[in-house]
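One structure below.
Remember, predicted model here, so these are calculated numbers, not experimental data. For the numbers below, each heavy atom of this structure counts, side chains included, while hydrogens, waters and symmetry mates do not. So you know, we letter chains A, B, ... as the sequences are listed, proteins then strands, and number each from 1.
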2 protein chains.
Amino acid sequence: MTEYPPFAVTADLVVLTVRADELHVLLVRRGVPPFEGCWALPGGFVGIDEDLPDAAARELAEETGLPEPAGHLEQLGTYGQPARDPRGRVVTVAWLALLPGLPTPVAGSDAAAADWVPVNRLDRARLAFDHGRVLTDGLERARAKLEYTPLATAFCPAEFTVAQLRAVYETVWDTRLDPRNFHRKVTGTPGFVVSVGRNTEGERGRPAQLFRRGPATLLHPPMLRPPA
Amino acid sequence: MTEYPPFAVTADLVVLTVRADELHVLLVRRGVPPFEGCWALPGGFVGIDEDLPDAAARELAEETGLPEPAGHLEQLGTYGQPARDPRGRVVTVAWLALLPGLPTPVAGSDAAAADWVPVNRLDRARLAFDHGRVLTDGLERARAKLEYTPLATAFCPAEFTVAQLRAVYETVWDTRLDPRNFHRKVTGTPGFVVSVGRNTEGERGRPAQLFRRGPATLLHPPMLRPPA
DNA sequence: CGAATAGTGTCTTTTAGACAATATCAC
DNA sequence: GTGATATTGTCTAAAAGACACTATTCG
């Protein structure tokens, strides 16, 4: 293999979650050059015998401290401009992860400097490397996929109410949705959610049915973002 | 950079076109091991100072013999199982290209063994490396994107009729569409196509208006695949 | 003229979206 | 009861899909 140009390959993660009605991304503060002191996406080098999805899952577990419980992980894209890393020719395979709002904080994780940052109060141009562009692509992917897949449930705990699911859509899309039409649409789309037969207790207002994610992988009909 | 595991990086292409009402993919017959004699996706190693999209465009130009005229090129995904290439650790960034049915054959190209193969009469399991899976992913991406983008026009010449565009949809989706509803939908979707004010001549039947691709990047409303 | 293809009109069903009304809890 | 939230119902507009009909060419 010495006759071929040698590259380093990394796996970087866009990890999104919803906390307190704001969309957050998991970032780490870099402690070493290059971009020392800057926010960056969590990630690291892929092992020479490691498969790409395994590397992404390993990084995700390391950075969140969780043994990868619920949630969703998919490949986002590969970024490899020759000058993107001053240390040499590094190509990064970026991954998009969606997690439920963690009841436990990120404590116990490898990266002590990891933190959840609200995406709407973050200057993406300040991120290390080309991570601003990666984050932008990840956000657009997540927003688009909420339309035609049941992926919004990846932001929710295993059991959730229609109102919680609606809050996910409203937060990720940064819009308001009519609760009554939303309810009819979610419960009317085959396989999106299934009732667990129990209700919430001790909340304000009328108790709400609890649901789990259904078996559908594609939504028919899709949930459409309001135009403009 | 010697402290990081060294990878080779390739750019492989899923190049699709429509000829004679069949969807074709551009394949090359491998002349050297590994997988000597097998069909494979065209591609090659990325230069150490070469950007990833540049490498893809270069390979596309080399294999088709065209200076990348019309058409569409986008990143499909990255494949890097440790054992996918017996020569060593090779990660490939796959690209999806859509081209109009070439009036000129592939002659004059670098790869003398390149050929268009109908995807429906091809055993994907026989392709070299993991190219069967890459092709499957590329086909699904193309089929899905015809729904909500004007990408079907990438399969057409610069000026085309509604019937030609319909033939693209029917071929890629392997289905039949009602010509009358299709016409109303295409011409009624803002920015999908724009009339050039001229008609076809010398064809059978009533002459058809010629259109060009419009400015829209997303279709509202989308063209939906018939269910089941 | 007849065959063939292009394009328009009409009707029915489905879905989106606005919003009234009712249900069931905590207090 | 009052306030809050959940859920159902009703209406209108937009879009999907089936299909009759008209338009324009070639031979």
Checklist entry - In terms of the nearest nucleotide of DNA chain D, which residue is placed more toward the 5' end: Met223(B) or Gln209(A)? => result Gln209(A)
Checklist entry - With nearest nucleotides of DNA chain D determined for Asn199(B) and Thr161(A) from heavy-atom distances, which residue corresponds to the more 5′ nucleotide? => result Thr161(A)
Next on the checklist: So that I can tick it off, tell me whether Glu201(B) and Arg206(B) are bridged by a salt bridge, with the cut-off set at under 4.0 angstrom between side-chain N and carboxylate O.
Outcome noted: no
Next on the checklist: Taking Arg141(B) first and then Asp137(B), would you say they form a salt bridge - that is, a charged N and a carboxylate O separated by under 4.0 Å?
Outcome noted: no
Euclidean distance, [Y] [atom2] relative to [X] [atom1], rounded to 0.5 Å:
{"X": "Met223(B)", "Y": "Leu165(B)", "atom1": "CE", "atom2": "CG", "value": "7.0 Å"}
{"X": "Asp130(B)", "Y": "Arg84(B)", "atom1": "CG", "atom2": "CZ", "value": "4.0 Å"}
{"X": "Thr136(A)", "Y": "Leu127(A)", "atom1": "OG1", "atom2": "CG", "value": "8.5 Å"}
{"X": "Thr153(B)", "Y": "Glu159(B)", "atom1": "OG1", "atom2": "CD", "value": "13.0 Å"}

Item to check | Nucleotide nearest Pro221(A) when distance is taken to its side chain, options dT5(D), dA21(C), dT15(C) | outcome: dT15(C)
Checklist entry - Which listed nucleotide (dA6(D), dA6(C), dG17(C)) is nearest to the side chain of Ala163(A)? => result dA6(D)
Report the distance from atom [atom1] of [X] to atom [atom2] of [N], rounded to the nearest whole Å.
{"X": "Arg206(B)", "N": "dT24(D)", "atom1": "CZ", "atom2": "P", "answer": "6 Å"}
{"X": "Leu224(A)", "N": "dA15(D)", "atom1": "CG", "atom2": "C1'", "answer": "12 Å"}
{"X": "Arg166(A)", "N": "dT7(D)", "atom1": "CZ", "atom2": "P", "answer": "10 Å"}
{"X": "Arg225(B)", "N": "dA15(D)", "atom1": "CZ", "atom2": "C1'", "answer": "19 Å"}
{"X": "Glu201(A)", "N": "dC27(C)", "atom1": "CD", "atom2": "P", "answer": "13 Å"}
{"X": "His220(A)", "N": "dA16(C)", "atom1": "NE2", "atom2": "C1'", "answer": "17 Å"}
{"X": "Leu177(B)", "N": "dA16(D)", "atom1": "CG", "atom2": "P", "answer": "13 Å"}

Item to check | Sugar-phosphate only, base, or nothing, as touched by Glu203(B) at under 4.0 Å among non-hydrogen atoms | outcome: sugar-phosphate
Item to check | Parallel, tilted or perpendicular: ring planes of Trp173(B) versus Tyr169(B), cut at 30 and 60 degrees | outcome: perpendicular
Checklist entry - Where along residues 142-153 of chain B does a heavy atom fall under 4.0 Å from DNA chain C? => result none
Checklist entry - Which residues, if any, of residues 181-191 of chain B bring a heavy atom under 4.0 Å of DNA chain C? => result His183(B), Arg184(B)
Item to check | Heavy-atom neighbours of Asp123(B) CG exceed 12 at 6.0 Å | outcome: yes
Checklist entry - Between Arg204(B) and dT5(C), is there a side-chain N or O to OP1/OP2 distance below 4.0 Å? => result yes
Next on the checklist: If you apply the rule side chain to side chain contact (heavy atoms under 4.5 Å, CB included), what do you find for Val93(B) with Val46(B), and how did you get there?
Outcome noted: CA-CA 9 Å; Val93(B) 182; Val46(B) 176; over 6 Å; no
Next on the checklist: Go through it in stages, so that I can follow the logic: the residues are Trp116(B) and Val15(B), the test is side chain to side chain contact (heavy atoms under 4.5 Å, CB included), and I'd like the CA-CA distance, side-chain angles, deciding distance and then a yes or no.
Outcome noted: CA-CA 9 Å; Trp116(B) 293 107; Val15(B) 187; 3.8 Å; yes
Next on the checklist: By nearest heavy atom, map Gly202(A) and Asp178(A) onto DNA chain C; which one lands nearer the 5' end?
Outcome noted: Asp178(A)
Next on the checklist: Is there, by distance only and without an angle test, a donor paired with an acceptor across the side chain of Arg180(A) and the base of dA20(C) below 3.5 Å?
Outcome noted: yes
